[in-house]
2 protein chains.
Amino acid sequence: MKNNIKVQRAIHDMTQADLAEKIGVSRQTINAIEKNKYVPSTVLSLKIARLFSKPLEELFFLDETD
Amino acid sequence: MKNNIKVQRAIHDMTQADLAEKIGVSRQTINAIEKNKYVPSTVLSLKIARLFSKPLEELFFLDETD
DNA sequence: TTATAATGTAAAATATACTTTACATTTAGA
DNA sequence: TCTAAATGTAAAGTATATTTTACATTATAA
């Protein structure tokens, strides 16, 4: 799975720490998601999508490995 | 988080086993998700949404506990 | 009513998400 | 250039998702 969280952060001018704090996870969790270290839970991705006011599918995408 | 997978299965006339097989997880995983035993990964919920041709937010909802 | 399919559940094992702490590297601004 | 902020990364620990096996319960159809 891929995502464009980094772009969304840029649009909203937020740091990884900002985003982490807003959705209640650690900064390393955001970093790991952006670097595709692991797949977030649906609760987490829903919270991120809600924060950025975008449909989840515009932020997270299945790829050939999924 | 809540979901209406059971309703979607009914609409598409699929059993838990059918759905499990189509998205490549065990039947117990589907059952556990429907019974809110645990929160699926984003890959899994994206696959379910794609299978039912619905935006993910129409299948999975954040609630007060999230 | 009986057989069969579907669903619910549970325990043990494994994989993976997420936290915490800590430090190194990169980026950006004074 | 110097400094501070932001990002990347790593290891150890904890929590939770998912599988497998197995069995019990419920619904359905003959």
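Values in this document were obtained by computation on a predicted structure and should not be read as measured data. Each chain gets a letter, A, B and so on, in the order its sequence line appears, and its residues count up from 1.
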Trainee: Return the value, rounded to whole Å, for the distance between atom OH of Y38(B) and atom P of dT14(C).
Mentor: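 That distance rounds to 17 Å.
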
Trainee: Separation of N31(A) atom CG from dA17(C) atom C1', in whole Å?
Mentor: 15 Å

Trainee: Figure out the CG/P separation between D18(B) and dA6(C), and round it to whole Å.
Mentor: 7 Å

Trainee: N3(A) CG to dA17(C) P: how many Å, rounded?
Mentor: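 Rounding to the nearest Å, CG of N3(A) and P of dA17(C) are 13 Å apart.
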
Trainee: Quick one: Q28(A) CD to dT25(C) P, roughly how many Å, whole number?
Mentor: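 Going from Q28(A) (CD) to dT25(C) (P), I get 17 Å.
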
Trainee: Nearest whole Å is fine: how far is dC18(C) P from E21(A) CD?
Mentor: 18 Å

Trainee: In this structure, how many angstroms lie between the C1' atom of dA17(C) and the CG atom of N36(A), rounded?
Mentor: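 Spelled out: CG on N36(A) to C1' on dA17(C) is 14 Å.
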
Trainee: Quick one: closest heavy-atom pair of V39(B) and T42(A), and the distance?
Mentor: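 For V39(B) and T42(A), the tightest heavy-atom pair comes out as CG1-N, 3.9 Å.
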
Trainee: For a 4.0 angstrom threshold against heavy atoms of chain B, report the outermost contacting nucleotides of DNA chain D in 5' to 3' order.
Mentor: dA17(D) to dA22(D)

Trainee: Which whole-number value in Å describes the distance from Q16(A) CD to dA28(C) P?
Mentor: 13 Å

Trainee: For R27(B) and for I33(B), locate the closest nucleotide of DNA chain D by heavy-atom distance; then report the residue assigned to the nucleotide nearer the 5' terminus.
Mentor: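 Counting from the 5' end, the first nearest nucleotide belongs to I33(B).
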
Trainee: Quick check against the 3.5 Å criterion: does D18(B) have a side-chain atom that pairs as donor or acceptor with the backbone of T15(B)?
Mentor: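 Yes; judged by distance alone, with no hydrogens or angles, the pair exists.
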
